[in-house]
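Throughout, residue positions are numbered sequentially from 1 according to the sequence presented. None of the values given here were measured: they were computed from a predicted structure.
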Amino acid sequence: MNHEPLLHATPSGDVLKLRPEGPWTAANVVTLETLSRQVGADVDRSRAVTLDMSGISALDTLGAWVLEKLSRRAASSGRSAEFVGVADHFGGLMDEVRQVNRHTPAPSAAPNPVLARLGELGKSTVGAREDITIFLQMLGALFMAIIGVLRRPRSLRLTSLVYQLYRIGWQAIPIVTLITFLIGAIIAQQGFFHFRRFGAESYTVDMVGILVLRELGVLIVAIMVAGRSGSAYTAELGSMKMREEIDALSTMGLDPVDVLILPRVAALVIALPILTFIGSIAALYGGGLVAQFYGDMGPAIYIARLHEAISVTHFEVGILKAPFMALVIGIVACSEGLRVKGSAESLGRQTTTSVVKSIFLVIVLDGLFAIFFASIGM
């Protein structure tokens with residue numbers, strides 16, 4: 001029995017006969033690769049290759065793969081290659097090795113665009129159903145957590161609630177004030193620019209007051225909160241999910257909804273109406289400055305006209321929307337955070353999804369409220 005692998009190459013006309021002998025195993029990998037390279041040129045010159053494996057004393061996956069590569073090298077240029085003398089106890093291994101990387105994808109026909117669209121619609125429908133289910137589950141969990149707090153008020157994590165109010169409320173005041181101030185100024189400038197053609201500059205004040213108080217004030221603030229605080233909620237909960245901190249809370253007998261989600265959503269519900277009020281005042285102030293310096297309308301006239309154009313009803317319509325928008329933003333942000341898997345890519349994807357879904361739902365909710373208030377005469 002040979003203790004070292006050998007490979008005899010015997011040309012016979014256009015046929016090259018290869019006879020491996022000895023142990024073709026991983027322990028002799030260097031020798032096997034050397035033998036394979038030595039006969040490579042002979043394999044390329046021959047028209048057919050026959051591998052006689054009757055002299056092999058031991059064979060493992062690596063040795064079988066080296067022989068299979070020689071066979072494929074011969075077959076790659078249209079030559080024939082065959083194995084002969086394969087022992088019965090080596091047959092199964094050789095059959096397995098021959099199937100490696102043999103599956104070539106069948107050429108796919110051009111997809112039917114109608115069927116492709118229907119398939120995308122079906123996937124979107126299934127995804128939307130899953131999102132609605134998760135949203136309702138989170139809403140139900142929050143409802144049960146609120147009932148628990150009403151039964152045991154001392155279970156409310158007041159420190160966490162105050163901290164979240166500071167983060168998403170107090171720290172957001174500067175940017176909310178700046179953006180809404182600019183929005184109000186831009187609306188007023190465009191109103192004066194276009195209404196001046198018809199001699200109706202005074203109606204700019206009506207437009208600014210009604211738009212800001214009923215629609216744009218709460219909508220702009222909600223979109224900013226969704227991008228600023230909603231993304232932060234998703235990233236925080238997603239990071240905790242990746243580090244298994246949420247599972248640790250459950251192991252300690254604590255409900256993650258009570259500890260993590262309820263204070264955040266409650267802080268949003270409280271803070272968003274306050275931010276909406278501040279943002280609306282800033283937008284009206286921005287419109288007043290434009291009215292004074294661009295529209296030649298003094299502050300007293302602007303305030304008097306604003307008093308005539310708007311009423312408490314307009315203010316109520318805008319403020320009533322804020323808690324519901326905050327609830328939607330909080331539920332979406334927290335549920336997307338809990339859907340994060342164990343990778344940074346998943347965290348980034350769910351954070352982006354959270355912001356997009358929140359803004360979309362806020363706009364849809366604003367439209368539904370507009371229809372509702374119009375139907376009841378508000």
* **Mutual orientation of the aromatic rings belonging to Phe369 and Phe372 [parallel < 30°, tilted 30-60°, perpendicular > 60°]** => perpendicular
* Is a side-chain donor or acceptor of Trp24 paired with a backbone partner of Glu21 at a separation under 3.5 angstrom? -> yes
* Structure fact -> In this structure, CG of Asp206 is separated from CG of Leu211 (nearest 0.5 Å) by 10.5 Å
* Asked: If you round to the nearest 0.5 Å, how far is CG of Leu289 from CD of Gln189?
  -> 13.5 Å
* To do: Provide the closest heavy-atom pair for Ala267 versus Tyr233 in the form atom of the first, atom of the second, distance.
  => CB-OH, 4.4 Å
* Structure fact -> Here the gap from Leu6 atom CG to Ile56 atom CD1, rounded to the nearest 0.5 Å, amounts to 11.0 Å
* **Side-chain heavy-atom pair Ile146, Leu262 within 4.5 angstrom cut-off** => yes
* For residues Arg19 and Ser54, is any side-chain donor paired with an opposing acceptor at under 3.5 Å? -> yes
* To do: Tell me, yes or no, whether the heavy-atom count around Phe277 atom CZ, taken from other residues, nucleotides or ligands under 6.0 Å, exceeds 12.
  => no
* Asked: Under 4.5 Å between side-chain heavy atoms, hopping through other hydrophobics if needed: is there a path connecting Phe143 to Val259?
  -> no
* Asked: Quick one: does Gln350's side chain get under 4.5 Å of Lys341's, heavy atoms only?
  -> no
* Asked: Angle class for the Tyr285/Phe181 ring planes (parallel below 30°, perpendicular above 60°, tilted otherwise)?
  -> tilted
* Say whether, by atom type as modelled, one donor and one acceptor occur between the side chain of Thr180 and the main chain of Thr177 under 3.5 angstrom. => yes
* Residues, nucleotides or ligands: over 12 heavy atoms within 6.0 Å of Lys69 NZ -> yes
* To the nearest 0.5 Å, how far apart are CD1 in Ile270 and CG in Leu272? -> 11.5 Å
* Structure fact -> Here the gap from Glu236 atom CD to Glu245 atom CD, rounded to the nearest 0.5 Å, amounts to 11.0 Å
* Check the surroundings of atom NE2 in His307: do more than 12 heavy atoms from other residues, nucleotides or ligands lie under 6.0 Å from it? => no
* Expected output: side-chain Ser231 to main-chain Gly227 donor-acceptor under 3.5 Å -> yes
* **Residue pair Asp366, Val362: steps toward the side chain to side chain contact (heavy atoms under 4.5 Å, CB included) verdict** => CA-CA 6 Å; Asp366 183 73; Val362 161; 5.6 Å; no
* Structure fact -> Heavy-atom nearest pair, Leu213 first then Ser280, reads CD2-CB, 4.0 Å
* To do: Could you state whether Ile261 and Ile147 fall into the same hydrophobic cluster, counting links through intermediate Ile, Leu, Val, Met, Phe, Trp or Tyr residues with side-chain heavy atoms under 4.5 angstrom apart?
  => no
* Asked: Side-chain contact, heavy-atom cut-off 4.5 Å: Val332 with Phe360?
  -> no
* Step by step, work out the salt bridge (charged side-chain N to carboxylate O under 4.0 Å, His left out) result for Asp52 and Lys17. => CA-CA 7 Å; Asp52 184 2; Lys17 294 183 179 180; over 6 Å; no
* Structure fact -> Val149 and Ser155 have their tightest heavy-atom pair at CA-OG, 3.8 Å
* **Shortest non-hydrogen separation from Asp258 to Pro263 and the atoms involved** => O-CD, 3.5 Å
* **Heavy-atom pair with the smallest gap, counting every atom of Ala266 and Leu161** => CB-CD1, 3.8 Å
* List the atom of Ala283, the atom of Val212, and the distance in Å for their closest heavy-atom pair. => CB-CG1, 3.7 Å
* ILVMFWY cluster, Ile329 and Leu368 together (side-chain gap under 4.5 Å) -> yes
* Verify same cluster id: Phe193, Val290 (apolar side-chain graph, 4.5 Å) -> yes
* Asked: Is Asp131 salt-bridged to Arg339, going by a charged N under 4.0 Å from an acidic O?
  -> yes
* Apply side chain to side chain contact (heavy atoms under 4.5 Å, CB included) to Arg157 and Tyr163, showing your working. => CA-CA 10 Å; Arg157 298 182 178 272; Tyr163 174 69; over 6 Å; no
* Tell me, do Ile210 and Ile310 make a side-chain contact under 4.5 Å, heavy atoms counted? -> yes
* Asked: Should we count OH of Tyr203 as having more than 12 external heavy atoms under 6.0 Å?
  -> no
* To do: Assess whether side chain to side chain contact (heavy atoms under 4.5 Å, CB included) is satisfied between Leu268 and Val225, documenting all intermediate values.
  => CA-CA 9 Å; Leu268 268 177; Val225 169; 3.4 Å; yes
* Asked: Between Met297 and Val205, does a side chain to side chain contact (heavy atoms under 4.5 Å, CB included) hold up when you go through it step by step?
  -> CA-CA 10 Å; Met297 182 182 293; Val205 182; 3.6 Å; yes
* Heavy-atom distance under 4.5 Å between the side chains of Leu306 and Val208, does that happen here? -> no
* With side chains defined as the heavy atoms from C-beta onward, is the minimum distance between Val340 and Met242 less than 4.5 Å? -> yes
* **Linked, directly or transitively: Val364 and Ile359 (ILVMFWY side chains, under 4.5 Å)** => yes
* Heavy-atom side-chain contact between Leu260 and Leu249 under 4.5 Å -> yes
* Should we count CZ of Phe135 as having more than 12 external heavy atoms under 6.0 Å? -> yes
* Working to the nearest 0.5 Å, report the span between CE of Met138 and CG of Leu338. => 4.5 Å
* Please tell me if the side chains of Pro256 and Ser250 come closer than 4.5 Å, counting only heavy atoms from C-beta onward. => yes
